[in-house]
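A quick write-up on the structure given underneath.
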Amino acid sequence: MSAAAAPVRPRRNRFLAGARLLLGSPPALFAALVLVGVVLVALFDDQVAPSGANDVDVQQRLQPPGAGHWFGTDDLGRDVLSRVVLGAKVSLQVGVVAVGFSLVCGVLVGLFAGFYGRWLDTALMRLMDVLFAFPAMLLAIAVIAILGPGTTNAMIAIGITYTPVFARVTRAAVLGVRESVFVRASRSVGASDPRLLFRHVLPNALPPIIVQTSVSLAFAVLAEAALSFVGLGTQPPAPSWGRMLAEGRGYVDLAWWIAVFPGLAIVVLVLAFNLLGDGLRDVLDPQQRSALEAARARSGRRRRRTPGRTS
Amino acid sequence: MTDPVTDPVTGPAHGGGTVLDVRDLRVRVDTARGTADIVNGLSYSVAAGETVAVVGESGSGKSVSVLALLGLLPGHARVSGTAAFRGRDLLAMSEAELRTVRGNGIGMVFQDPMTSLNPVLTVGRQLTEGLLAHGRAGGRKAARARAAELLADVGLPDPRGALDRYPHELSGGMRQRVVIAIALSGDPALLIADEATTALDVTVQAQILELVAGLQRERGTGVVWITHDLGVVAGTADRVLVMYGGRCVEDGSVDDVFEAPAHPYTRGLLGALPALHDEDGADGAPAERPDLVAIGGTPPPPTDLPPGCVFWPRCPVRGDERCATEQPPLVPVRGSGPVPHRAATFYGERLQQTEVGA
């Protein structure tokens, strides 16, 4: 009587178990800490920043990093640390809004194309191919040329650029899930198409989309920096890491800190997004996950077996 | 099962008479290698309370033939024929009309309980899906109560607790019980079981067979049981339909078909079964066990069916040049009961005189 004798386990929260597994890997933990830190800094930027973004002090121009100005000052005597802190909000905002835009558009396109197939698939995906055919930066610049420069338009431009990526990732995942027996089974009890799409297909297609989101956040931060660097994104005097990089470029031999600190901020944020994406992929891929769980269990046993050893 | 729900639109679910009547069902699919004729003129009917087994090897078109009834095939499959369910032709229905029948008159159980449940939804959510889609339960709460009843009906321990569990927390047998509960949630007049016990071990299989038989007795459900397991057929079915190459090659009552098979293919299938009850062996000691007889060759690809009898290329009889050019019609052969015994072969009666496997 295997059915009756099977133990009835209490319901386990899969989300919590996944989160524990994710944060158990050092790179992902580091990434999560960095991201939490950046988000906190961006939320409380006014309290964190030692001075305003545009507090000009001409007597303190081009000061090297030191006790008074930890990251030094720029050519107008503005505190670089303050500008990096205040620029975090712009970078995060652009990343989240632009990726959110491409996530919603791309997932919808990929979901419908993959689920319905046939002519709808062809029409939608060829449209995506057209967008994909342009080099990303060129497309973003073209969109800004139409809409005009500025932070908001930069977000739209970046969002459009990354839509085809999400459409493709979603479509590929949907194609696999669509043929599952449970989709057919739920159709056989009379489930409607919207229900099949959003209750059955999408949740099972989510893992690659989540990973793509975290990687795209990194790209979006870079893209905003690049657009601002060439003057098409955030407009002066608002602080933006890309913009600061561009302004500091002229003084690199004289005052390296103006360009290096915003550059480092970009590197750290992008690295954190990428590491988080790697960690998420390991946890969300069922095969990887069971391998990971097995490895953890093994190392846990080993540690228990040799209690005297410290690492 | 306390009181059967009476649907005002479709009438009581347990009426007598014919539940399903399939006539000349054909399914064709255009592939890169030409048109595949997957089901070719299949006709059968299922009466209330009756179990019809459809047997055949992989690729004989048995699954496709039932998926076609509910419109569950991919869009490029071309389906023709008629399939009257309570007097309405399923094959002529629009997608919206079909949705009113799916899970609300016809229930379906799929082969693999490991894949026929959505891994990210709880059992309760999946079980109430059909109830809510057809407005059979007042609201979420009522649907949950009904779902727990259904789980109790299929013999799941702790049905209330099971509602909040995910499929991966259940064993294979428990999952198949859940799948059957889902199929029964619409109080179906017709239950289609597509290899429903193939993925289960024999003990669980026996439990599931017994469960379905019990529910069938209680509710008068007509059952189409698709399988390649002749043991399951012998144990559960009233009538059997043998499919080969998308055609029915033999049908009749289980007793007739097993006692006096007429088609060379059916005879081959039965000859390939190991004999557990050895009639010659005295005092339980197995006597000389005859070798299993395999059927040589492989089934023809559906894109390239032979012009005559579909079984001709593998047939051990092949007595006639007609076999290669002319399709033998399904004609009556010697039978015992009121159910006609028919076979699509020119040699039915003659083969019935000889021993299977000889």
Side-chain angles (χ1 to χ4, degrees), chain A residues 1-18 114-122 173 175-207 209-210 284-287 289-290 293, chain B residues 67 70-72 74-76 95 98-104 106-122 125-126 129-131 133-134 155-158 161-162 164-177 179 182-183 185-186 192 201 203-204 207-208:
Chain A
M1 274 306 283
S2 74
V8 177
R9 274 190 295 148
R11 179 181 166 184
R12 261 189 40 211
N13 194 324
R14 295 211 304 165
F15 176 77
L16 273 183
F115 188 75
Y116 288 105
R118 304 188 3 114
W119 64 268
L120 188 69
D121 184 26
T122 312
L175 284 181
V177 178
R178 185 182 71 166
E179 301 303 326
S180 307
V181 184
F182 63 79
V183 172
R184 191 172 260 175
S186 128
R187 202 194 279 278
S188 83
V189 296
S192 60
D193 277 8
R195 205 182 153 77
L196 289 174
L197 276 169
F198 293 103
R199 263 244 109 87
H200 292 281
V201 175
L202 185 57
N204 283 287
L206 270 186
I209 299 172
I210 293 173
L284 292 171
D285 180 340
Q287 272 178 347
R289 179 170 177 159
S290 48
E293 279 168 336
Chain B
L67 290 175
L70 284 177
L72 294 177
H76 56 275
E95 179 68 21
L98 273 174
R99 212 177 296 140
T100 63
V101 178
R102 293 179 191 145
N104 190 28
I106 302 181
M108 190 150 178
V109 180
F110 291 86
Q111 173 172 359
D112 186 358
M114 300 296 160
T115 56
S116 50
L117 291 172
N118 185 340
V120 305
L121 292 182
T122 60
R125 278 196 183 275
Q126 301 189 58
E129 185 162 59
L131 294 169
H134 297 296
L156 209 70
D158 184 22
D164 289 324
R165 251 171 281 145
Y166 286 92
H168 74 272
E169 297 174 306
L170 304 174
S171 71
M174 287 165 93
R175 283 193 224 187
Q176 195 63 315
R177 282 168 197 263
V179 173
I182 291 174
S185 68
I192 298 171
D201 64 64
T203 331
V204 182
Q207 292 167 17
I208 297 286

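This one's a predicted model, so the numbers in the text were calculated from it and none came from an experiment.
- Separating the CZ atom in A:R199 from the CG atom in B:N118 is a distance of 9.0 Å, to the nearest 0.5 Å.
- With a 4.5 Å cut-off on side-chain heavy atoms, B:F110 and A:S188 count as touching.
- The line from CD of A:E179 to OG1 of B:T115 is 12.5 Å long, rounded to the nearest 0.5 Å.
- Using a 4.5 Å cut-off between heavy atoms, B:L67 touches chain A through its side chain atoms alone.
- In terms of heavy atoms, A:R184 sits closest to B:P74 at NH2-CD, 4.1 Å.
- Here the side chains of A:V181 and B:Q111 are not in contact, with every heavy-atom distance at 4.5 Å or above.
- Using a 4.5 Å cut-off between heavy atoms, B:R175 makes no contact with chain A at all.
- With chain A as the partner, the residue from B:L117, B:T100, B:L70 showing the most heavy-atom pairs under 4.5 Å is B:L117.
- A 4.5 Å side-chain heavy-atom check between B:H76 and A:R118 finds at least one atom pair inside the cut-off.
- Top candidate by heavy-atom pairs under 4.5 Å with chain A, chosen from B:G130, B:A162, B:S116, is B:S116.
- Residues A:G190 and B:A133 share a closest heavy-atom pair of O-CB, 3.7 Å.
- The parts of B:L72 that come within reach of chain A are both its backbone and its side chain, each placing non-hydrogen atoms under 4.5 angstrom from that chain.
- Heavy atoms of other residues, nucleotides or ligands lying less than 6.0 angstrom from CZ of A:R178 number more than 12.
- One finds the CE atom of B:M108 at 13.0 Å from the CZ atom of A:R187 (value rounded to the nearest 0.5 Å).
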One pair to check against side-chain contact (heavy atoms from CB on, under 4.5 Å): A:H200 and B:L121. What are the steps and the verdict?
CA-CA 8 Å; A:H200 292 281; B:L121 292 182; 3.7 Å; yes
